[in-house]
Number of protein chains: 2
Amino acid sequence: MARPSTPKLSRAAIATAALALVDRSGEFTMPALATALGVSPSSLYNHVGSKADIVELMRGEAMSAIRLPALPDPLPDRLPDGGSPPAAGDQDWMAVLRGIAIGYLDSYARHPRLIPLLTAYTVRDATTLRVYDAMARAFAAGGYGPAATLRAVTILDSFILGSALDAAAPTVVWEADEAASREFTEALAAGLGEPQRARRAFLEGLDLILGGFAARAGESF
Amino acid sequence: MARPSTPKLSRAAIATAALALVDRSGEFTMPALATALGVSPSSLYNHVGSKADIVELMRGEAMSAIRLPALPDPLPDRLPDGGSPPAAGDQDWMAVLRGIAIGYLDSYARHPRLIPLLTAYTVRDATTLRVYDAMARAFAAGGYGPAATLRAVTILDSFILGSALDAAAPTVVWEADEAASREFTEALAAGLGEPQRARRAFLEGLDLILGGFAARAGESF
DNA sequence: ACCTGAACACCGTTCAAGT
DNA sequence: ACCTGAACACCGTTCAAGT
């Protein structure tokens, strides 16, 4: 029973099983993963280099669900092919950014217990890079210069990741203690029950940020 | 050499040494901490219940540096004491929020390697609660109702935490690969060298968000 | 090429034993 | 009350051995 004729493992199978394990139990250890795959822990090392490697696989798996809006690739190319006007339409790239941001958050939200795991490792995932790329193209389409584009992408990324964390493992045990003010206590009482609380806050914050970007799009930078 | 006449350990000493260890090496294990304290690992359990307990101590330690603006406590109380007008001044609570947010981020930023550790545990720290409380009071002072206040605090918290993470462990190995667009490549080239890159992005995003809040303060919610 | 089992150097935590 | 040392059940990873 040493080497089976058809391999029991593959990187894809490991990624899927690992993500399912994290989703289900929140834990992620090599023995637990091996058990889920019906294999011995040391077998995993025939396909991955380390535990961190598997975390990267899970990141890719989680992000693969993103549907990036089909943005014309070398953006200027669409001008000569007739028809539509220069498409300065601010609505365009704002809507694109909104779509990307929401898709990005949803990818996280589908795997809440994965998020704290991701922050412990450094990213090196191609799909995530493509998300940033799409955002950068959208800002460029909105007239942002290179440096402003990078800051803008950073801002969006920070807010999205923070929102995902907030939703996944509430950063506060939302519970007013004896020292809490009336204002805070009332806010908790009013908001905590709300069903889509975290998501509604995200959407509101996203619109705040995008609104700010749109307002600045006219200025020089 | 069993029990010394004067205790070698205390919760405070453990908190300080743990934070110093994380700041210096990024690692955090009980044996390493014990060595740093000149003590055996099992001794720690006379003062803390678990490793998670120590993480909470570190969170408190990191947050204790925050200077919360002295906001009049039961806010309405300052009206009758004469002098200043009702102080509808939007500038007031916006400036207060800005100060809190920056202080909050700086507390994180001073201990970048602590941040990923924090996200793996659930918060139960009194100082952090006080930060939220101060934010809630500021929004209430700005005319926000309870539910809107909770969403607003959530938005700020998410952005701050996300920014801290982004700054601490760059969420992307910021490196354009072969599939990167011209826009993204240029943005990276223009922005990556910038000295205070992460902090400038944070300040810009913060102003975007606060600006949005200020603009909405007049509406009904 | 790919799985197994034994082995290594760790880890967090418990607990009797000491003072 | 508080520190020690031994012990327990883990963990990630390596590697010779098998096919």
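Quick caveat, the model's predicted, so the values are computed rather than measured. Throughout, a chain's letter reflects where its sequence line sits, starting with A, and its residues are numbered from 1. Basis for what follows: all heavy atoms, side chains included, without hydrogens, waters or symmetry-related copies.
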**Sorted by number, the residues of residues 15-26 of chain A with heavy-atom contact under 4.0 Å to DNA chain C** = none
Whole angstrom value for the distance that separates [atom2] of [N] from [atom1] of [X]:
{"X": "Ile14(B)", "N": "dC2(D)", "atom1": "CD1", "atom2": "C1'", "value": "11 Å"}
{"X": "Lys8(B)", "N": "dC2(D)", "atom1": "NZ", "atom2": "P", "value": "14 Å"}
{"X": "Leu37(B)", "N": "dC2(D)", "atom1": "CG", "atom2": "C1'", "value": "14 Å"}

**Under 4.0 Å protein heavy-atom contacts per nucleotide of nucleotides 11-16 of chain D, with B for base, S for backbone only and - for none** = SSBBB-
Contacts of [X] that satisfy side chain to side chain contact (heavy atoms under 4.5 Å, CB included) - sequence neighbours left out:
{"X": "Ala190(B)", "result": "Pro146(A), Ala147(A)"}
{"X": "Ala198(B)", "result": "Ala167(B)"}
{"X": "Thr16(A)", "result": "Glu61(A)"}
{"X": "Ala34(B)", "result": "Val39(B), Pro41(B), Leu44(B)"}

**Sequence-distant partners of Glu56(A), salt bridge (charged side-chain N to carboxylate O under 4.0 Å, His left out), two or more places apart** = Arg59(A)
**Asked** Considering only heavy atoms from C-beta outward, does the side chain of Leu203(A) approach that of Ile102(A) to under 4.5 Å?
**Response** yes
**Prompt:** Do Ile160(B) and Ser163(B) touch side chain to side chain, with heavy atoms closer than 4.5 Å?
**Reply:** no
**Side chain of Pro7(A) (C-beta onward), nearest among dC2(C), dG5(D), dC2(D)** = dC2(C)
**Prompt:** For dC3(D), does OP1 or OP2 lie under 4.0 Å from any side-chain N or O of His47(B)?
**Reply:** yes
**Message:** The criterion is ring-ring contact (aromatic ring centres under 6.0 Å, His included); which residues satisfy it with Tyr108(B), sequence neighbours excluded?
**Reply:** Tyr104(B)
**Item:** Summary of side chain to side chain donor-acceptor pair (under 3.5 Å) pairs that have at least one residue in residues 17-34 of chain B, sequence neighbours excluded
**Value:** Asp23(B)-His111(B)
**Item:** All pairs passing side chain to side chain donor-acceptor pair (under 3.5 Å) where residues 198-212 of chain A contributes a residue, at least two apart
**Value:** Arg98(A)-Asp207(A), Asp106(A)-Arg199(A), Glu194(A)-Arg200(A), Glu204(A)-Arg151(B)
**Request:** Report the residues that fulfil side-chain hydrogen bond (donor to acceptor under 3.5 Å, both in side chains) with Asp125(A), sequence neighbours left out, ordered by chain and then residue number.
**Result:** Thr128(A)
**Dot-bracket encoding of pairs in DNA chain D, which uses [ ] for pseudoknotted crossings and | for another strand, Watson-Crick or G-U under 3.5 angstrom** = ||.|||||...|||||.||
